[in-house]
Amino acid sequence: MQKFIITGGKRLSGELVLQGSKNSCLPIMAASLLCSSECTLHSCPKLTDVYAASRILNCVGCKCSFSENTAVIDPGNVSCTAISEELMREMRSSIIFMGAMLGRAGECIVSVPGGCELGPRPIDMHLSALRKMGVEITETGGIIRCRTPSGRAKGTRISLAFPSVGATENVILCAVTAEGDTVINNAAREPEICDLCGFLRACGADIAGDGGSRILIKGKQQLHGCEYTIMPDRIAGATYLSMVAASKGELILTNACTAEMEPFLSVLEQTGCSIYTSDDRIYLRSAARLKAVRDRIRTMPHPGFPTDAQAVLMAALSLADGTSVFEENIFDCRYRHTGALIKMGADIQVLGKVAVVKGAERLFGAAAEATDLRGGAAMVIAAICAEGRSEISRICHIDRGYEKIEEAVRLLGGDMRRV
Ligand code: EPU
């Protein structure tokens with residue numbers, strides 16, 4: 001089992017090139033199944049979740065090869081429409097292959113992605129939307145069998161009860177090759193939805209309205225392959241900015257999606273950091289000591305404050321001057337990192353969906369176990385700012401979302417090793 005060993009107390013400074021977005025790359029890899037010819041994807045982050053997606057593509061008969069950050073996917077021969085339970089369990093976002101397989105083959109057998117690290121993550125909205133598109137679905141013992149009687153789903157009007165990212169992606173993937181038009185009301189507006197639609201348009205799909213709450217899709221018989229560059233990862237960006245801000249340092253982040261990061265940047269700015277943006281660059285200079293954020297930080301669907309940035313900002317604010325209050329509105333169990341931060345000396349009280357963070361004068365190195373991807377990143381940030389040595393285990397969670405995080409930290413002058 002690998003671990004991170006971090007010796008804290010170093011001020012981080014330097015320049016980083018932001019990795020490609022995990023949460024864009026995964027649905028786009030699934031979407032390549034819909035094409036009749038090869039897709040070349042640039043800026044794919046080298047992450048365990050991305051390799052899990054490529055194993056799913058291989059399992060259904062597609063070739064997927066990587067050279068550095070470029071993936072070439074040949075979706076020519078889909079020979080199998082069942083994805084094994086083992087592969088489905090490897091990452092929770094495997095569920096987006098359901099819409100893609102339906103769009104490609106009109107049928108699929110998948111399973112419910114198992115036990116959850118952020119609380120229950122039901123897929124009821126995915127299933128009811130696909131049923132409305134004429135997909136017959138049966139569920140037995142966690143196995144989900146889907147088929148379309150005519151071989152193609154049918155376009156229809158769908159209103160999501162909540163703007164779920166995954167449900168919006170599954171409907172889009174099923175609708176682009178469906179018969180007729182689909183309208184998604186209350187669609188998710190996350191930038192990764194726009195990136196997926198941008199890719200699909202480059203493959204010949206007819207989609208409008210993404211980025212807003214109402215997406216219109218005109219079904220096409222077939223899509224073709226294309227060459228596409230995945231957008232930068234706004235959550236990895238939020239993580240490195242929180243890390244450098246907490247260390248009282250200075251950062252130039254390049255290949256950054258500045259507009260898409262605004263909901264996070266506007267909150268980070270309230271900590272007293274100086275932040276300047278231009279095109280695809282963000283410059284941050286931290287304050288001598290961060291200030292607490294005065295307004296309650298409420299996680300919300302985009303363009304609200306992103307739930308994925310809650311833990312990393314909390315780690316930074318655990319050393320700020322004053323009290324900050326978080327309200328987690330997207331997932332039920334997204335404060336599991338607080339135990340490790342408290343062990344390192346943070347003063348955090350969790351009451352249901354609210355966490356009250358009283359800034360401490362200092363944190364101390366400790367042994368901690370990563371509980372989930374973003375929670376693990378929060379522990380890395382706390383360890384970088386703590387006095388002494390920390391050991392972070394179960395780093396497989398962190399490797400799901402951050403490309404060589406220890407190299408990025410070392411590049412900025414931090415002391416972090418993988419053993
Ligand atoms: N929900 C339902 N029923 C459904 C679908 C969702 O009740 O059928 C609930 C979920 O349980 C959750 C809320 O709706 O409480 C939001 O879920 P959503 O479907 O929007 O999230 P997701 O698609 O499962 C994606 C990201 C997450 C990110 C969320 C919210 C990917 C692969 N995952 O998850 O990213 O937190 O959107 O923005 O895109 C991460 O990167 O660490 C991560 C967890």
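The shown structure was predicted, so the numbers you read here are calculated from the model rather than taken from an experiment. As the structure lists them, so they are numbered: ligands from 1, and atoms in each ligand from 1.
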List ligand 1 atoms under 4.0 Å from [X], heavy atoms only on the residue side.
| X | result |
| --- | --- |
| K22 | 40 (C), 41 (O) |
| S93 | 32 (C) |
| L373 | 42 (O) |
| H126 | 5 (C), 8 (O) |
| F162 | 13 (C), 14 (O), 16 (C) |

Would you say [X] and ligand 1 have an N/O pair spaced under 3.5 Å apart?
| X | result |
| --- | --- |
| T307 | no |
| F331 | no |
| L26 | no |
| D308 | yes |

Q. Do the rings of F264 and F305 sit parallel, tilted or perpendicular, given the 30° and 60° boundaries?
A. tilted

Taking all non-hydrogen atoms of both residues into account, name the closest pair between [X] and [Y] and its distance.
| X | Y | answer |
| --- | --- | --- |
| F97 | A53 | CZ-O, 3.9 Å |
| M29 | S32 | O-OG, 2.5 Å |
| A31 | L196 | CB-CD1, 3.8 Å |

Among all the protein's non-hydrogen atoms, which is closest to [atom], and how far away is it?
| atom | value |
| --- | --- |
| atom 5 (C) of ligand 1 | P122 O, 3.3 Å |
| atom 8 (O) of ligand 1 | M125 N, 2.8 Å |
| atom 34 (O) of ligand 1 | R121 NH2, 3.4 Å |
| atom 19 (O) of ligand 1 | S164 OG, 2.6 Å |
| atom 12 (C) of ligand 1 | I330 O, 3.4 Å |
| atom 26 (C) of ligand 1 | N23 ND2, 3.6 Å |
| atom 23 (O) of ligand 1 | G166 N, 2.8 Å |
| atom 3 (N) of ligand 1 | D124 OD1, 2.7 Å |

Can we say [X] and [Y] salt-bridge, meaning some charged N sits less than 4.0 Å from an Asp/Glu carboxylate O?
| X | Y | answer |
| --- | --- | --- |
| K22 | E403 | no |
| K46 | E68 | yes |
| R296 | E327 | yes |
| R418 | E406 | yes |
| D308 | R334 | yes |

Q. Out of I96, I193, D332, V165, who gets a non-hydrogen atom closest to atom 18 (P) of ligand 1?
A. V165

Q | Among R374, R334, M91, closest by any non-hydrogen atom to atom 44 (C) of ligand 1 | A |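 Considering heavy atoms of R374, R334, M91, the nearest to atom 44 (C) of ligand 1 sits in R334.
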
Q: Evaluate the side-chain proximity of R417 to K3: yes if any heavy-atom separation is below 4.5 Å, no if none is.
A: no

Q. Side chains of E15 and R281: closer than 4.5 Å at any heavy-atom pair?
A. yes

Q) For atom 31 (C) of ligand 1, is the nearest protein heavy atom closer than 4.0 Å? A)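 Yes, there is one.
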
Q | Worked verdict on R234 versus E192 for salt bridge (Lys or Arg N to Asp or Glu O under 4.0 Å) | A | CA-CA 10 Å; R234 64 194 170 103; E192 294 75 18; 2.7 Å; yes

